[in-house]
> 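Below is one structure. I have some questions about it.
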Amino acid sequence: MIGRSPLHVAGTIRAPGDKSISHRALIFAALADGPTRVRDILASADVHATASALRAMGVDIPALSDDFVVHGRGLAGLRSPTQPVDCANSGTTTRLLCGLVAGLPGRTVHFEGDASLSRRPMRRVAAPLTDMGARITFEGAPGHDGLPLRVDGAQLKSIHHVSAHASAQVKGALLLAGLASGVEVVIEEPSRSRDHSERMLLARGVKLEVSERSVRLPAQQQLLASDVIVPSDPSSATFFAALAALADSGELRLENVCLNPTRTGAFDVLQRMGVRLTAIDERIVGGELIGTLMVRPDVLRGTTIRGAEIPRCIDELPMLACLASQAEGETVIADATELRVKESDRIRAVVDNLRALGANAEELPDGMRITGSRGPLRGHVVTHGDHRLAMAFGVLGAVPGNEITIDDPDCVSVSYPSFWEDLTRATGGSSPSAPVEPEGAADGSSGHQAATRMPLVIAIDGPAASGKSSTAQWVAQELGVRHVDSGAFYRAITLLALNTAGDPETWQSESVLANAARVTWRLTERSVLPLVDGVDRDHDLRDGPVTRQVSRVAQMAAVREWVNGLVRGAGATVDVVVDGRDIGTAVFPNAQLKVYLTADSWERARRRLVQRLGRRPTDAEIAHETEELVARDAKDAAQSVAARDAITIDTTTVTQQEQVERIVALARATRSRLGRPF
Ligand code: S3P
């Protein structure tokens with residue numbers, strides 16, 4: 001901690017309402033026959049998705065505010081929506097409502113969601129519901145067991161379901177299905193998942209039998225209306241507990257936090273890591289334990305998180321992992337495969353981002369291993385639109401000395417719309433309202449570690465054989481900045497796959513990416529150099545076997561995502577010239593200068609042959625090569641479009657030297673516009 005200004009925290013944070021309870025408050029209010037007053041609900045994107053879905057089914061739900069009334073008309077008041085229901089990013093909306101609709105004969109609902117939600121597995125609810133007699137149809141690509149899907153409600157039969165996952169969403173879906181159809185439901189879980197559904201049903205007169213790892217809903221239950229006061233979300237409060245843990249001085253008071261024991265795993269972990277955390281003013285409100293947490297920093301040490309503790313802190317693991325990167329010693333998170341099917345693959349995403357920032361993290365099949373240090377963290381975080389990633393890394397970014405930018409700070413609206421304002425308050429105004437994206441920071445804003453001057457990124461795109469790689473290298477040299485050859489990263493992972501993944505014909509992205517942790521990079525004077533097991537293998541990367549297989553690997557979406565992450569990490573650290581096929585669109589959408597090189601296909605074919613053959617090719621040879629290039633262009637069409645803000649240079653009749661001169665001139669103009677001349 002020496003050599004950076006200290007972080008002091010102070011004040012009171014009242015995190016917004018609990019997300020799980022908010023969804024259920026609306027659903028149970030809709031099912032009751034009569035008015036339910038709802039106070040302090042979380043008005044976030046996920047909960048709006050549940051409210052809109054229920055409205056589409058005929059429920060009278062006013063605009064979400066701190067205090068409103070839902071006039072439920074019971075199960076009979078629910079009808080089929082006229083349009084597909086958009087669950088946006090919300091897994092809880094989808095799974096709970098699938099259960100409810102499945103048990104309502106005569107009602108049909110089409111469920112849709114955003115790209116992240118559409119990737120998440122829905123068979124875990126669809127399978128037991130189908131065993132009860134539900135009619136659920138996956139409407140996506142063959143074999144895809146996620147959204148979009150259609151539920152045709154039916155009279156269901158009872159079920160005794162032994163669940164493979166400790167999942168409150170699956171449990172909640174089956175309870176709602178049983179309630180809707182009036183049939184008995186028994187659910188056994190491997191360990192206990194959050195029990196808000198149980199508590200709320202009991203509070204509404206439903207005769208539930210609850211034991212440590214099972215719950216039984218008897219047939220033919222009536223649900224009464226009961227008002228709700230939503231306590232603050234412990235998952236959201238955890239970000240501020242972690243901030244206090246990272247501080248050098250001060251204390252945070254986290255008010256009104258839901259301390260339901262199925263949700264407090266993260267607080268237990270924090271205490272084990274050395275954080276001074278005490279609960280005061282504990283009381284029961286609406287069947288939930290609520291209290292105030294006082295959190296103070298102390299020396300942080302690593303820990304192990306596994307087994308039955310995992311469901312108790314599943315949503316907090318990204319934050320705990322980030323905290324572990326700052327603790328003394330090693331932290332291991334295991335038995336957490338579920339993290340892979342959350343809003344993003346949170347194992348891979350957390351590890352990749354920690355590594356991109358310079359932390360020591362390793363992916364495990366069911367978790368991760370992190371070795372802490374208090375060295376400064378610098379770089380760009382790719383959230384994949386995952387709110388918890390944005391907030392976890394946002395907390396790290398609030399520590400003086402760290403320079404962290406976040407690609408999509410707005411995604412916090414899924415669960416904590418006022419997160420950045422609260423972060424600013426907790427750090428006494430020293431934190432920015434949101435760590436800005438590269439473009440935002442390049443306008444000269446300064447004053448905080450997360451908003452310091454962003455490196456300059458010059459992105460050079462173009463179709464196959466447009467000469468972008470050699471031009472980029474030359475431009476970098478002229479400007480005296482580093483060149484990132486994204487192709488070299490594809491070559492590095494291909495080299496490893498050749499040694500470990502067997503017959504290339506059988507390669508899958510999983511087998512190729514099994515070696516991902518072995519590829520890192522180092523800054524040399526001229527370039528961002530990929531390393532394989534810490535070693536520069538440039539010579540082997542250019543070898544025939546790698547050249548023959550690299551395009552197979554470069555076509556795998558997951559591999560592209562991984563390379564993009566590495567390249568973004570480099571571009572967040574130093575000024576770079578970077579080339580690649582989707583560099584200006586997918587990888588650096590905020591690059592300050594984007595150039596798109598193009599040339600007619602005959603000319604591109606001719607240049608490629610000159611390079612390959614070392615002589616002037618014949619027209620017949622060029623014609624043959626042109627055909628191949630055009631075919632490849634068609635295949636790459638999705639990746640090879642120019643960014644809308646790219647400057648196109650048609651190089652058909654321009655020498656490479658002229659191309660380089662033009663790009664260098666553009667780069668100089670860009671830098672003087674940004675007030676940073678070369
Ligand atoms: C939730 C249950 C958990 C949790 C999610 C909310 C709920 O998911 O991760 O954020 O409200 O029921 P699983 O049920 O898939 O574990």
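Every heavy atom of this structure was used, including side-chain atoms; hydrogens, water molecules and symmetry mates were not. All ligand and atom numbering here is 1-based and tracks the order in the structure.
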> Is it true that Arg194 and Asp315 have a side-chain N and a carboxylate O under 4.0 angstrom from each other?
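Result for this pair is yes, salt bridge flagged.
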> Could you list which atoms of ligand 1 come closer than 4.0 Å to a heavy atom of Thr92?
1 (C), 6 (C), 7 (C), 11 (O)
> Please determine if Ile314 has a nitrogen or oxygen closer than 3.5 Å to a nitrogen or oxygen of ligand 1.
no
> Starting from atom 4 (C) of ligand 1, find the nearest protein heavy-atom neighbour and note its residue, name and distance.
Asp315 OD2, 3.3 Å
> Give a yes or no on whether a salt bridge exists between Glu309 and Arg272, defined as a side-chain N under 4.0 angstrom from a carboxylate O.
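Yes, Glu309 and Arg272 are salt-bridged.
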> For Lys171, is the nearest heavy atom under 4.0 Å from an atom of ligand 1?
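No heavy atom of Lys171 comes that close to ligand 1.
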> Is there at least one pair of N or O atoms, one from Ser20 and one from ligand 1, spaced under 3.5 Å apart?
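There is such a contact, yes.
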> For Lys342, is the nearest heavy atom under 4.0 Å from an atom of ligand 1?
yes
> Quick one: closest heavy-atom pair of Val395 and Ala242, and the distance?
CG1-C, 4.4 Å
> Any chance you could lay out the salt bridge (charged side-chain N to carboxylate O under 4.0 Å, His left out) test for Glu363 and Arg355, step after step, and finish with the verdict?
CA-CA 10 Å; Glu363 187 173 335; Arg355 290 165 66 98; over 6 Å; no
> Apply the test side-chain hydrogen bond (donor to acceptor under 3.5 Å, both in side chains) to residues Asp422 and Tyr416: give CA-CA distance (whole Å), side-chain angles for both, the deciding distance (0.1 Å), then the verdict.
CA-CA 10 Å; Asp422 284 356; Tyr416 197 158; 2.6 Å; yes
> Look at atom 1 (C) of ligand 1 and say which protein heavy atom is nearest, naming residue and atom and giving the distance to 0.1 Å.
Gln169 NE2, 3.6 Å
> I need the nearest protein heavy-atom contact for atom 12 (O) of ligand 1: residue, atom name and distance, please.
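Result: Arg24 NH2, 2.6 Å.
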> For Asp152 and Thr108, run side-chain hydrogen bond (donor to acceptor under 3.5 Å, both in side chains): C-alpha distance rounded to whole Å, both residues' side-chain angles, the deciding distance at 0.1 Å, then the answer.
CA-CA 4 Å; Asp152 292 296; Thr108 291; 2.7 Å; yes
> Could you tell me if the ring centre of Phe240 sits under 6.0 Å from that of Phe419?
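Yes - the distance between ring centres of Phe240 and Phe419 falls below the 6.0 Å cut-off.
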> Tell me: protein heavy atom nearest atom 14 (O) of ligand 1, and distance?
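Heavy-atom neighbour on the protein nearest atom 14 (O) of ligand 1: Ser167 OG, 2.7 Å.
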